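Have a look at the structure below before the remarks.
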There are 2 protein chains.
Amino acid sequence: MAKASDKVRELLEREIRHGALRPGDSIDERSLAERFSVSRTPAREAILQLAASGLVTMRPRHGAVVAGLEVKDAIAMMETLVALEGEAAALAARRMSAAEVEELSRRHAESEAAAREHDSRAYIDLNARFHAAIYAGARNDYLAGLIRNTRSRMSFFHASSLNQRARVERSWDEHGGVVRAIASGDPAAAEAAMRDHILSGGRVYADLVAAMPRETSAG
Amino acid sequence: MAKASDKVRELLEREIRHGALRPGDSIDERSLAERFSVSRTPAREAILQLAASGLVTMRPRHGAVVAGLEVKDAIAMMETLVALEGEAAALAARRMSAAEVEELSRRHAESEAAAREHDSRAYIDLNARFHAAIYAGARNDYLAGLIRNTRSRMSFFHASSLNQRARVERSWDEHGGVVRAIASGDPAAAEAAMRDHILSGGRVYADLVAAMPRETSAG
DNA sequence: CACGATTCTCTTGTATGCACAAACAGAATC
DNA sequence: GATTCTGTTTGTGCATACAAGAGAATCGTG
């Protein structure tokens with residue numbers, strides 16, 4: 001078996017992401033340890049690691065609470081994500097092989113059905129694959145990591161904007177723009193198309209964030 | 001006094017940055033604890049946190065080693081940094097107040113002396129302030145955090161490119177371009193100028209990285 | 001002499017005990 | 001009645017003891 005602390009970290013992370021633990025909820029080492037049938041040590045380590053990755057915040061001598069996003073931070077993350085995804089698209093346009101572009105194009109075409117039927121569930125998965133293909137094409141693991149981490153921290157609100165029925169079809173159309181730009185090897189166009197695409201989803205996200213209850217501020 | 005684990009983490013981090021600990025050096029909890037006169041627990045926590053931030057890598061049951069950068073990763077980070085700094089400059093051009101622009105401009109002018117005299121030591125500090133002013137002007141803490149973390153991970157090689165005497169003066173000139181673009185409120189120009197600036201430093205960095213001995217690969 | 005299994009050691013990973021710091025509650029005083 | 005001081009309680013932070021796994025060395029065997 002893997003390390004117990006890793007197990008705890010992973011499960012705790014899932015709970016936070018899935019919303020079982022909501023921002024502001026406090027986590028104490030002892031009950032966490034009991035819940036996972038381990039001692040305080042690995043529980044504590046799990047908390048520390050999550051704190052380092054920004055999912056929980058710690059105040060000295062005061063324990064950890066599930067990190068909430070202030071509206072300001074959520075906006076900053078979205079803005080940053082736009083830049084990161086845009087850069088990835090630009091790099092992909094310069095670096096993807098003909099075969100990869102072909103594959104991307106084919107995948108995109110195949111996902112049309114789900115989009116037209118507003119099948120959010122299926123499309124969310126296809127969307128993830130689409131973006132993953134772009135990251136791979138960008139040939140920059142560090143950039144991809146930053147994007148993944150950023151998305152992860154924003155997905156507190158399980159709410160992908162793609163849960164909005166109307167959003168799915170538009171998303172697919174926007175993907176088309178990105179694909180065309182990449183296929184024509186135009187980095188600037190690919191970046192612009194991707195930025196628009198992310199921003200477009202971001203507007204829906206902004207509504208969700210703005211509608212959030214008062215969040216805990218992380219000292 | 002602050003937490004012992006924080007103290008250890010901080011000092012260890014400094015040692016890594018300053019090159020006292022080189023990539024590939026292994027860190028064992030016991031000697032680390034002895035060196036800082038604490039028990040293994042805070043030492044271990046420090047290592048865990050550094051691992052989470054990517055400065056050291058851990059293999060289960062094998063302990064931690066100071067993370068090395070493969071050339072591939074170094075390139076990826078530099079490339080990403082260019083994008084991040086460029087975005088920050090663009091945002092700063094849109095958001096800095098007149099007073100801030102005035103201040104930035106003044107600071108830049110004042111740093112000319114150090115640049116013309118190739119005073120690396122002084123200029124490195126002025127350079128840091130300059131960039132910090134840009135981040136502040138960008139009004140995006142998350143973006144600023146990513147930049148700082150990225151720079152931190154690249155500064156293994158204490159070698160700021162600014163240690164190159166010749167680089168200092170060019171850097172100052174490039175800063176001038178950024179300042180002018182921001183002053184004229186032109187985000188695209190600011191981004192372009194900043195990208196050039198970072199890339200320009202990056203070329204020196206690339207030489208350093210390429211000249212590195214064989215690095216440890218992080219499983 | 002070479003190769004392999006076994007043991008031995010060293011280090012990590014986990015559990016638990018202890019001390020201290022901060023919040024909370026209650027009582028006493030203003 | 002409000003405020004402050006103090007005792008208590010709770011939970012973090014650190015230390016140390018214990019268990020387990022990985023690697024090295026040694027001993028046995030072919």
Side-chain angles (χ1 to χ4, degrees), chain A residues 1-16 20-68 214-219, chain B residues 1-16 20-68 216-219:
Chain A
M1 174 169 56
K3 296 199 305 181
S5 82
D6 287 343
K7 193 183 69 176
V8 173
R9 184 178 48 71
E10 212 162 310
L11 291 176
L12 190 55
E13 203 173 329
R14 287 178 66 91
E15 286 193 359
I16 294 177
L21 286 172
R22 305 182 63 87
D25 288 358
S26 70
I27 307 172
D28 83 301
E29 300 172 358
R30 192 145 168 274
S31 56
L32 183 67
E34 279 177 14
R35 218 145 56 79
F36 291 102
S37 302
V38 295
S39 85
R40 272 183 55 216
T41 307
R44 182 182 172 77
E45 291 185 355
I47 292 176
L48 277 173
Q49 296 200 19
L50 290 181
S53 77
L55 269 134
V56 306
T57 60
M58 303 188 67
R59 285 184 305 177
R61 280 283 174 202
H62 215 273
V65 298
V66 178
R214 201 78 199 85
E215 285 306 339
T216 71
S217 79
Chain B
M1 177 170 50
K3 296 198 306 182
S5 87
D6 287 343
K7 191 183 71 177
V8 174
R9 182 178 48 72
E10 213 162 310
L11 291 176
L12 189 55
E13 204 172 328
R14 287 178 65 91
E15 286 193 359
I16 294 177
L21 286 173
R22 304 182 64 87
D25 288 358
S26 71
I27 306 172
D28 82 300
E29 299 172 358
R30 190 150 165 273
S31 54
L32 184 67
E34 278 177 15
R35 220 146 53 81
F36 292 100
S37 302
V38 294
S39 86
R40 270 184 57 216
T41 307
R44 183 180 171 78
E45 290 184 355
I47 292 176
L48 277 173
Q49 297 199 20
L50 290 182
S53 76
L55 269 135
V56 306
T57 60
M58 304 188 64
R59 283 185 309 175
R61 288 280 176 201
H62 270 74
V65 298
V66 178
T216 71
S217 78

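These numbers come from the heavy atoms of this one structure, side chains and all, not from hydrogens, waters or symmetry mates. Letters go in sequence order (proteins before strands), and every chain restarts at 1. These numbers come from a predicted model, not from an experiment.
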Residues that [X] engages under side-chain hydrogen bond (donor to acceptor under 3.5 Å, both in side chains), provided they are two or more places apart:
| X | answer |
| --- | --- |
| Arg44(B) | Glu45(A), Glu29(B) |
| Ser53(B) | none |
| Asp6(A) | none |
| His62(A) | Arg59(A) |

Which nucleotide span of DNA chain D, 5' end to 3' end, has atoms closer than 4.0 Å to non-hydrogen atoms of chain B? dG13(D) to dG23(D)
Got Val66(A) and Arg22(A) here, is their nearest side-chain heavy-atom distance under 4.5 Å? no
What residues form a salt bridge (charged side-chain N to carboxylate O under 4.0 Å, His left out) with Glu10(B), not counting sequence neighbours? none
Residues forming a salt bridge (charged side-chain N to carboxylate O under 4.0 Å, His left out) with Arg14(A), sequence neighbours excluded: none
Sequence-aligned protein contact record of nucleotides 5-13 of chain C, with B where the base is within under 4.0 Å of a protein heavy atom and S where only the sugar-phosphate is: -------BB
dT14(C) OP1/OP2 closer than 4.0 Å to side-chain N/O of Thr41(A): no
Taking only residues two or more places apart in sequence, or in another chain, which ones meet Glu15(B) in a side-chain contact (heavy atoms from CB on, under 4.5 Å)? Leu12(B), Ala20(B), Leu21(B), Arg35(B), Phe36(B)
